[in-house]
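Please read the structure below before turning to the comments.
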Amino acid sequence: MSLVGKLFPSVAIDAMSEMGDDLKINVFEEALNNQQKVILFWYPKDFTFVCPTELHAFQEALPEFQKRNTVVIGASCDTNEVHFAWLNTPKENGGIEGVTYPILADTHRQLANILGIVDQDLEYDEEGNEVYTGSNVTYRATYLIDETGKIFHESVNDMPLGRNVKEYLRLIDAYAHVQKHGEVCPANWEEGKEAMNANRTGVAEYFSKN
């Protein structure tokens, strides 16, 4: 079930800072109280393979998110202690040393289950006993949240598929354009390109020029 257009769940979750500080972060309040956008991205596990490439990619793009008044938050179901160990592992050894944004430690899967992004299914055997299948970790889910706490984008990748960080910057630019100008953004829109009014005249004018 899609959560786009709804308020992000208001739940405080354990998190780890780059300095090893134990935090509690409520993503909804981060957006609402600080009047900033939030990109929250989930990854399956610390000390894996695709995951560190993504965390470093978000770190490299951090100045661009900051220019857009957007805070970056990572998340998995690992513990704070495992996060901190990974933060202290050099990049050349598969670690995320140098990452400076906070990482949620949703060890109870409280928020992940609310979002419905955990790879787990419940079945019953012939005797009626519960049988769980799946990895019990999250897919690569991404949420863009505006200054009111509303989700304006969500996407979920299967575990082998890494994300394109530039696409989230484009989506934030598009949403900011809509907020500022009241126009809508057509396919493949990028900052500096023409948008259009959300009516028949607007789309006709757009197609006449493009």
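Sequential numbering from 1 along the given sequence is applied to the chain's residues. Just so it is clear, the structure is predicted and the values come from calculations on it, not from any experiment.
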> Side chain of Asn199, backbone of Thr201: donor and acceptor closer than 3.5 Å?
Replying inline: yes
>> Once rounded to the nearest 0.5 Å, what's the spacing between atom CD of Glu167 and atom CG of Leu171?
In response: 4.5 Å
> Quick one: NZ on Lys150 to CG on Leu32, what's the gap to the nearest 0.5 Å?
Replying inline: 13.5 Å
> About how many Å separate CD of Gln36 and CG of Asn34, when rounded to the nearest 0.5 Å?
Replying inline: 4.5 Å
> Which pairs, with at least one residue in residues 66-78 and sequence neighbours excluded, count as a salt bridge (charged side-chain N to carboxylate O under 4.0 Å, His left out)?
Replying inline: Glu64-Lys67, Glu64-Arg68, Arg68-Asp173
> OG1 of Thr48 to CE of Met159: how many Å apart, nearest 0.5 Å?
Replying inline: 10.0 Å
>> Is the shortest side-chain heavy-atom distance between Thr138 and Lys45 below 4.5 Å?
In response: no
> What residues form a side-chain hydrogen bond (donor to acceptor under 3.5 Å, both in side chains) with Arg163, not counting sequence neighbours?
Replying inline: Glu54, Thr142
> Taking it one step at a time, do Phe84 and Thr79 satisfy side-chain contact (heavy atoms from CB on, under 4.5 Å)?
Replying inline: CA-CA 9 Å; Phe84 190 56; Thr79 66; over 6 Å; no
> With sequence neighbours left out, which residue pairs that include part of residues 195-210 fulfil the salt bridge (charged side-chain N to carboxylate O under 4.0 Å, His left out) condition?
Replying inline: Glu194-Lys209
> Side chains of Glu130 and Tyr124: closer than 4.5 Å at any heavy-atom pair?
Replying inline: yes
> Got a sec, which pairs hit ring pair (Phe, Tyr, Trp, His ring centres under 6.0 Å) with one end in residues 49-77, sequence neighbours left out?
Replying inline: Phe41-Phe58
> Taking atom CD of Glu127 as the centre, does the number of heavy atoms from other residues, nucleotides or ligands within less than 6.0 Å exceed 12?
Replying inline: yes
> Has the side chain of Gln35 got a donor or acceptor atom that lies under 3.5 Å from a matching backbone atom of Glu147?
Replying inline: yes
> Mind checking what makes side-chain hydrogen bond (donor to acceptor under 3.5 Å, both in side chains) contact with Glu190, not counting sequence neighbours?
Replying inline: none
> Apart from Val184 itself, which Ile, Leu, Val, Met, Phe, Trp or Tyr residues share its cluster (side-chain heavy atoms under 4.5 Å, direct or through members)?
Replying inline: Met196, Val203, Tyr206, Phe207
>> Is a donor from one side chain sitting under 3.5 angstrom from an acceptor on the other, for Asp119 and Tyr139?
In response: yes
>> For a quick test of reading the model, state the closest non-hydrogen atom pair linking Pro52 to Gly95 and the distance between them.
In response: CB-O, 4.3 Å
> Listed by chain and number, what are the side chain to side chain contact (heavy atoms under 4.5 Å, CB included) partners of Pro102, not counting sequence neighbours?
Replying inline: Leu23, Ile25, Ile73
> What heavy-atom pair brings Pro44 and Cys51 nearest, and what distance separates the two atoms?
Replying inline: CD-SG, 3.5 Å
> Taking the side chain as C-beta and beyond, is there a heavy-atom pair between Val27 and Tyr143 under 4.5 Å?
Replying inline: no
> Within a reach of under 6.0 Å around CG of Asn188, are more than 12 heavy atoms found that belong to other residues, nucleotides or ligands?
Replying inline: no
> Got a second to check how far Leu104's CG is from Leu40's CG, nearest 0.5 Å?
Replying inline: 6.0 Å
>> Going by side chain to side chain donor-acceptor pair (under 3.5 Å), name the pairs with one or both residues in residues 94-107, residues two or more places apart or in two chains.
In response: Gln59-Thr100
> Linking I/L/V/M/F/W/Y whenever their side-chain heavy atoms sit closer than 4.5 Å, directly or via other members, would Leu115 and Tyr43 fall into one cluster?
Replying inline: no
> Does any pair with a residue in residues 82-94 pass side chain to side chain donor-acceptor pair (under 3.5 Å), and if so which ones, sequence neighbours excluded?
Replying inline: Asp46-His83
> Arg109: what forms a salt bridge (Lys or Arg N to Asp or Glu O under 4.0 Å) with it, not counting sequence neighbours?
Replying inline: none
>> Show me the pairs that pass ring pair (Phe, Tyr, Trp, His ring centres under 6.0 Å) and involve residues 164-202, at least two apart or across chains.
In response: Phe152-Tyr175, His153-Tyr168, His177-His181, His177-Trp189
>> Please give me the minimum heavy-atom distance between Cys185 and Val178, naming the atom from each residue.
In response: SG-CG2, 4.1 Å
> Taking all atoms of both residues into account, what is the closest heavy-atom pair of Gln179 and Lys37, and its distance?
Replying inline: OE1-NZ, 2.9 Å
> Heavy atoms, side chains only, cut-off 4.5 Å: are Leu144 and Ile151 in contact?
Replying inline: no
Give every donor-acceptor pair under 3.5 Å between a side-chain atom in residues 2-17 and any protein atom, sequence neighbours left out.
{"from": "Ser2", "atom 1": "OG", "to": "Val4", "atom 2": "N", "distance (Å)": "3.2"}
{"from": "Ser2", "atom 1": "OG", "to": "Glu154", "atom 2": "OE2", "distance (Å)": "2.6"}
{"from": "Lys6", "atom 1": "NZ", "to": "Ser2", "atom 2": "O", "distance (Å)": "3.4"}
{"from": "Ser10", "atom 1": "OG", "to": "Asn26", "atom 2": "ND2", "distance (Å)": "3.1"}
{"from": "Asp14", "atom 1": "OD1", "to": "Lys24", "atom 2": "NZ", "distance (Å)": "3.1"}
{"from": "Ser17", "atom 1": "OG", "to": "Met19", "atom 2": "N", "distance (Å)": "3.2"}
{"from": "Ser17", "atom 1": "OG", "to": "Gly20", "atom 2": "N", "distance (Å)": "3.4"}
{"from": "Ser17", "atom 1": "OG", "to": "Asp21", "atom 2": "N", "distance (Å)": "3.0"}

> Applying the side-chain contact (heavy atoms from CB on, under 4.5 Å) test to Leu62, which of Val71, Val99, Val72 qualifies?
Replying inline: Val72
>> Under 4.5 Å between side-chain heavy atoms, counting indirect links through other Ile/Leu/Val/Met/Phe/Trp/Tyr residues: same cluster for Phe47 and Ile103 or not?
In response: yes
